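The structure appears below as structure tokens.
Remember, predicted model here, so these are calculated numbers, not experimental data.
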Amino acid sequence: MQAVVFHGIGDTRLEKVLDPKIKDDTDAIVRITSSAICGTDLHFVRGTVPGVKKGTVLGHEAVGIVEEIGKGIRNLRVGDRVVVPSTVGCGYCSYCRAGYFAKCDNANPKGNRAPTVFFGGPAENGGLDGLQAELARIPFANVGLVKLPEHVTDDQAILISDIFPTAYFGARLAEVKEGDTVCVFGCGPVGQFAIASAKLMRAGRVFAVDCVPSRLEMARAQGAEVVNFEEEDPTQVIVELTGGVGVDRVIDAVGVDAQHAHRGPAGKKSKQQASEFEQEVKTVAPEQHPQGENWKPGDGPSQVLRRAVEVVAKAGSLGIIGVYPPTLEHFPIGQAMGKNLTIKAGDCNHRRYIPKLVELVASGSFDPTEVLTQVEPMSDVIEAYKAFDRRADGWIKVELTPSGGGSVERSAAKRQEASSRPRARHEEQPRA
């Protein structure tokens, strides 16, 4: 089969690999009909999250058809259409039973204190082959795979595999409730869904901070109050617009590849912190292989964490879903303590939220596809990686179709939708 294979930092290839096989009784083999590129994949290629072994198939988002099941699978049939949660849990340990599927005691072969297992990640995270492929082996498929209603499309379902539940989880971590003023840092795909999730939880106001015009316009279309950090100082603007108080909740949807400001009022402060940021980059990405404008680590790894603590009000809360490696140790803990902040962070427990979000989409209450801007054939995946990595204008979320059928036409249609800046639809929902 064809798959996207990691060969090293700055070196990702589309090539033929062996088809996966059933290894355990609760495995399933899924034929992938839709996968996607995530910002987390870019961390691996940029070198800011280390540990992915050469030969690992990348990708942790997929929709597909069950092709084969182990003898321990009692709730699925061959032919079932499913969405694949990005993280893996056994379903029977104390953590999974409590809804902490990402903290499963049994999924990681390195033991119960080892980190979250997800597809297409570092060896420490289970080393599972990923989902940017024609076929994939899914461990604990009896628990992980979620069957899809016929009228939920692949375009909708691929966004429920990771980024929608991750963003929803981020809003939960930040403790967003009715009437709150929220700030979302990062208007990439997860950031867009963080805005949507805050609105689903009935936030009163939502600020959105980024520097890419197309991302900011999509955030504005959702009703967010946008701030371009290359033109304004986000802290100053947001504090002023909240009457000197700050926001109640902050969601960090950026992570280690954050960029600091290079011009404008915020750029002056960044220059003063330049040596600190340079040292952070050397620490988190000691090996780098940039190629032109591609595969460059973010130049302000702790930038969002610093700003998050600055803009939040006293006794506010911070939810961190942006990916940070263990090597990043910079956090303004003194300032956070002085404000009596609540700080929560972690990997999304996808299996906990996916069924609810599938129902939300199936009911017609929310359409996630307004965030999907590109549908590309697998044959063009490396160029798609490069465009997404460069934050090319209009490239918010990229879906991959292994067959390639209709991809060109669908991608053109998605670009047209993005250019018309449709307004996202948020109907009244019960409080989370």
Side-chain angles (χ1 to χ4, degrees), residues 3-12 17 20 23-24 27 37-62 84-91 93-96 100-133 136-140 143-144 161-162 166 169 190 252 254-257 280-289 295 297-298 301-302 305 320-331 344-351:
V4 180
V5 181
F6 181 85
H7 280 266
I9 295 169
D11 186 1
T12 300
V17 299
K23 293 183 179 180
D24 300 308
D27 285 353
I37 303 174
C38 181
T40 302
D41 301 322
L42 299 180
H43 295 322
F44 307 145
V45 189
R46 292 169 180 164
T48 46
V49 174
V52 179
K53 288 187 175 181
K54 180 179 179 179
T56 300
V57 176
L58 293 178
H60 53 267
E61 301 170 271
V84 185
S86 298
T87 49
V88 179
C90 70
C93 72
S94 61
Y95 284 98
C96 287
Y100 292 95
F101 291 91
K103 300 294 103 184
C104 178
D105 269 343
N106 299 308
N108 198 319
K110 292 183 178 293
N112 62 6
R113 291 182 61 82
T116 300
V117 172
F118 62 96
F119 294 97
E124 286 295 312
N125 296 91
L128 288 177
D129 276 327
L131 308 177
Q132 292 170 4
R137 180 180 75 90
I138 312 299
F140 303 109
V143 174
S161 177
D162 176 26
T166 294
F169 172 66
V190 175
D252 172 0
V254 181
V256 66
D257 275 312
E280 288 176 14
V281 174
K282 290 178 182 178
T283 300
V284 300
E287 181 183 354
Q288 303 172 32
H289 298 291
W295 323 134
S302 67
L305 296 174
I320 304 171
I321 48 175
V323 174
Y324 291 95
T327 48
L328 183 68
E329 299 177 343
H330 294 76
F331 184 83
K344 296 182 180 179
D347 301 312
C348 178
N349 304 298
H350 293 86
R351 184 57 179 79

Discussion item. Quick one, Ile321 and Val190 - any side-chain contact, counting heavy atoms below 4.5 Å?
Written reply: yes
Item to complete: Considering non-hydrogen atoms only, spot the tightest contact between Phe140 and Asp27 and give its length.
Response: N-OD1, 4.3 Å
Item to complete: First locate atom OH of Tyr324, then atom NE2 of His43, and finally report the distance between them rounded to the nearest 0.5 Å.
Response: 9.0 Å
Worksheet item: Would you say the side-chain atoms of Thr87 pair up with the backbone N or O of Asn349, donor to acceptor, closer than 3.5 Å?
Response: no
Worksheet item: Out of curiosity, Gln132 CD to His60 NE2, how far, rounded to the nearest 0.5 Å?
Response: 8.5 Å
Practice prompt. State, with a plain yes or no, whether a side-chain heavy atom of Val256 is found less than 4.5 Å away from one of Thr327.
Written response: no
Worksheet item: Would Leu42 and Trp295 satisfy side chain to side chain contact (heavy atoms under 4.5 Å, CB included), going step by step from the backbone distance to the final call?
Response: CA-CA 8 Å; Leu42 299 180; Trp295 323 134; 4.2 Å; yes
Item to complete: Considering non-hydrogen atoms only, spot the tightest contact between Val281 and Pro297 and give its length.
Response: CG1-CB, 4.4 Å
Worksheet item: Can you tell me how far the OG1 atom of Thr12 sits from the CG atom of Asp41, to the nearest 0.5 Å?
Response: 8.5 Å
Practice prompt. For Tyr95, look at atom OH and say whether over 12 heavy atoms of other residues, nucleotides or ligands are found less than 6.0 Å away.
Written response: no
Worksheet item: Can you check whether Leu128 reaches Val117 side chain to side chain, under 4.5 Å on heavy atoms?
Response: yes
Worksheet item: Is the shortest heavy-atom distance from the side chain of Thr116 to the side chain of Lys103 under 4.5 Å?
Response: yes
Practice prompt. Answer yes or no: are there more than 12 heavy-atom neighbours, outside Tyr100 itself, under 6.0 Å from its atom OH?
Written response: no
Worksheet item: For the side chain of Arg351 and the backbone of Val143, is there at least one donor-acceptor N/O pair under 3.5 Å apart?
Response: yes
Practice prompt. Please name the residue in the list Ile138, Val57, Asp129 that meets the side-chain contact (heavy atoms from CB on, under 4.5 Å) test with Phe119.
Written response: Ile138
Worksheet item: Does Gly255 offer a backbone N or O that forms a donor-acceptor pair with the side chain of Asp252 under 3.5 Å?
Response: yes
Worksheet, complete the sentence: The reported gap from CG in Asn106 to SG in Cys96 (rounded to nearest 0.5 angstrom) is 7.5 Å
Fill in: Distance, nearest 0.5 Å, that separates CG of Asp162 from NE2 of His350
3.5 Å
Discussion item. How close do Gly126 and Pro109 get, counting heavy atoms only, and between which atoms?
Written reply: CA-CD, 4.4 Å
Worksheet item: Can you name the closest pair of heavy atoms from Ala62 and Ser161 and give their distance?
Response: N-OG, 3.2 Å
Practice prompt. Might you point out which heavy atoms bring Phe6 and Val52 nearest each other, and give the distance in Å?
Written response: CE2-O, 3.2 Å
Worksheet item: With a 4.5 Å limit on heavy-atom distance, are the side chains of Pro122 and Val49 in contact?
Response: yes
Worksheet item: Shortest non-hydrogen contact from Pro325 to Thr48?
Response: CG-O, 3.4 Å
Worksheet entry | Lys110 side, atom NZ; Asn125 side, atom CG - distance, nearest 0.5 Å | 10.0 Å
